[in-house]
Amino acid sequence: MKTVVLAGRLRHVEASPTLALAAKAKALAKAGKPVLDFTAGEPDVPTPEPIKQAGIAAITANRTKYTPVAGTPELRAAVASTINRQLGTNYAASQALICCGAKHALFNIFQALCEPGDEVLLFSPYWVSYPPLVRLTGAKPVIVETRERDGFLPDPSVVRAAITDATKALVLNSPGNPTGAVIDEARLKAIAQIARERGLIVITDEIYDQLVYPPARHVSIVQVEPSLTDQTVLIGGVSKTYSMTGWRIGWALAPDAWIEAMTNVQSHSTSNPASISQDAALAALTGDQRPVADMRRAFEQRRNRLVEGLNRLPGVRCAPPDGAFYAWCNVKALGQPAAATAEQWLDEAMVVTVPGEGFGSSDYVRFSFATSLETIDAGLKRLDAWFRKRKT
Ligand code: PMP
Ligand code: GLU
């Protein structure tokens, strides 16, 4: 048999390190190891009861068949009206595409818009999946650095300098994974102006929009510059806000022609997202929002506990993130790449984190604080002991 050669565009596409490490932590725990897991980018609480009941009701009522490819009319309308209420936008239901998670929405939009020869601007540190999602289309990710001393916020003048004739789109992620940075109105305005002038498509990933800690406030580029809506794709979903990571429902809001193109891509790949999950997501968006506020308060408390503890460790530095549920922790002073530090923490302290390399930096380690206060306290204690042993 002829040797099978994988497609060239897969050469620089590896497994998602966040998912791989989360799986490793779970496997170790299952094998009885006393692991403390700080990998998971998912809330530790169950999906709220009324949302689960809506899923069960969908099954009981036999709502278990294909839905329209782009999602049920009810859910598309609910997504559009939720975002319109939150951001003061004016999206029609036809401009909302329901996908199998926000990651899938991103996959669809890159497939619909990008091709070889195109460049897409990404801010570093970036969420691990952005570069592979761009590469899978044959387009080129172009990395624009942000700096710790700027709070990892994009500098509009650096953005301008990175633009070439091939630049097609730029990706914003606020609140951001892995830094938790929340982009302010002034910067968004400046970026919007650049996008307008240069005709760039803005892909704004706002999956953590409900997880922002006061006094920080979530602002969307389509709020500060409504005229940019016709060249923006807004990505969101229920995974983080309602602790629904396994249900796989996310969305894109975009101009009709792009939604049509993405729907065509989706029609030849996954078809509609699971009908049961769509009913559950509808219940999430239209039901009682108290669980969201409760979760946000719990995360804020965990953030404070974790960040305080991390900053007490020698050579470790971590600013409190304004949003999402990650602490992006500077470990450069340990004098080795983050991957080596994370590996030692795993092997010697059974504390599992995600090293920064997959996010574009070997100076940082990411801790998820979507975990219990007990796990946070125990993890800090173990790391404290690890540092004491290391010194001697
Ligand atoms: N964007 C960012 C920044 C994320 O952290 C995640 C986490 N999974 C996603 C998108 C994808 O979310 P989903 O589970 O809805 O696919
Ligand atoms: N986004 C989450 C994380 O960064 C979940 C894993 C993934 O989809 O990458 O951990």
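Since this is a predicted model, take the numbers as computed values, not measurements. Counting starts at 1 for both ligands and their atoms, following the listed order. Scope of the values below: all heavy atoms of this structure, side chains included, with no hydrogens, waters or symmetry mates.
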Could you tell me whether Thr245 approaches ligand 1 through its side chain, its backbone, both or neither, with non-hydrogen atoms closer than 4.0 Å?
-> neither
Side chain, backbone, both or neither: which part of Tyr126 has a heavy atom under 4.0 Å from ligand 1?
-> neither
Check the angle between the aromatic planes of Trp328 and Phe359 and answer parallel, tilted or perpendicular using the 30° and 60° thresholds.
-> perpendicular
Describe, in one word, how the ring planes of Trp127 and Tyr130 are oriented to each other, choosing from parallel (under 30°), tilted (30 to 60°) and perpendicular (over 60°).
-> perpendicular
Any nitrogen or oxygen of [X], main chain or side chain, under 3.5 Å from a nitrogen or oxygen of ligand 1?
{"X": "Asn173", "result": "no"}
{"X": "Tyr326", "result": "no"}
{"X": "Tyr130", "result": "no"}

Tell me whether [X] reaches ligand 1 (any heavy atom closer than 4.0 angstrom to a ligand atom).
{"X": "Ala102", "answer": "yes"}
{"X": "Ser239", "answer": "yes"}
{"X": "Ile207", "answer": "yes"}
{"X": "His104", "answer": "no"}
{"X": "Trp251", "answer": "no"}

Ligand 2-proximal atoms of [X], by part, heavy-atom distance under 4.0 Å:
{"X": "Tyr326", "result": "side chain"}
{"X": "Val354", "result": "neither"}
{"X": "Lys103", "result": "side chain"}

Nearest protein heavy atom to [atom], by residue and atom, and its distance?
{"atom": "atom 1 (N) of ligand 1", "value": "Asp205 OD2, 2.6 Å"}
{"atom": "atom 7 (C) of ligand 1", "value": "Lys240 NZ, 2.8 Å"}
{"atom": "atom 16 (O) of ligand 1", "value": "Arg248 NH2, 2.8 Å"}
{"atom": "atom 6 (C) of ligand 1", "value": "Trp127 CZ2, 3.5 Å"}

Here the atoms of ligand 1 under 4.0 Å from any heavy atom belonging to Asn177 are 3 (C), 4 (C), 5 (O)
In ligand 1, the atoms that come under 4.0 Å of a heavy atom of Gly101 are 15 (O), 16 (O)
Quick one: do Arg317 and Glu148 satisfy salt bridge (Lys or Arg N to Asp or Glu O under 4.0 Å)? Show the steps, please.
-> CA-CA 10 Å; Arg317 188 173 71 220; Glu148 186 176 333; 2.8 Å; yes
Residue [X] vicinity, atoms of ligand 2 by number, heavy atom under 4.0 Å:
{"X": "Gly41", "answer": "2 (C), 3 (C), 10 (O)"}
{"X": "Ser16", "answer": "9 (O)"}
{"X": "Trp127", "answer": "1 (N), 4 (O), 7 (C), 8 (O), 9 (O)"}

Tyr208 and Tyr326: aromatic ring centres closer than 6.0 Å?
-> yes
Is the ring centre of Trp345 less than 6.0 Å from the ring centre of Phe38?
-> no
Does Ser129, backbone or side chain, put an N or O under 3.5 Å from an N or O of ligand 2?
-> no
Give a yes/no verdict on whether any heavy atom in Arg366 is under 4.0 Å from an atom of ligand 2.
-> yes
Given the rule in the side-chain contact (heavy atoms from CB on, under 4.5 Å) test, do Gln210 and His218 qualify, once you have shown the distances and angles that lead to the verdict?
-> CA-CA 8 Å; Gln210 299 306 307; His218 172 69; 6.0 Å; no
Can we say Asp37 and Lys24 salt-bridge, meaning some charged N sits less than 4.0 Å from an Asp/Glu carboxylate O?
-> no
Give a yes-or-no answer on whether the side chains of Gln336 and Thr341 include a donor-acceptor pair shorter than 3.5 Å.
-> yes
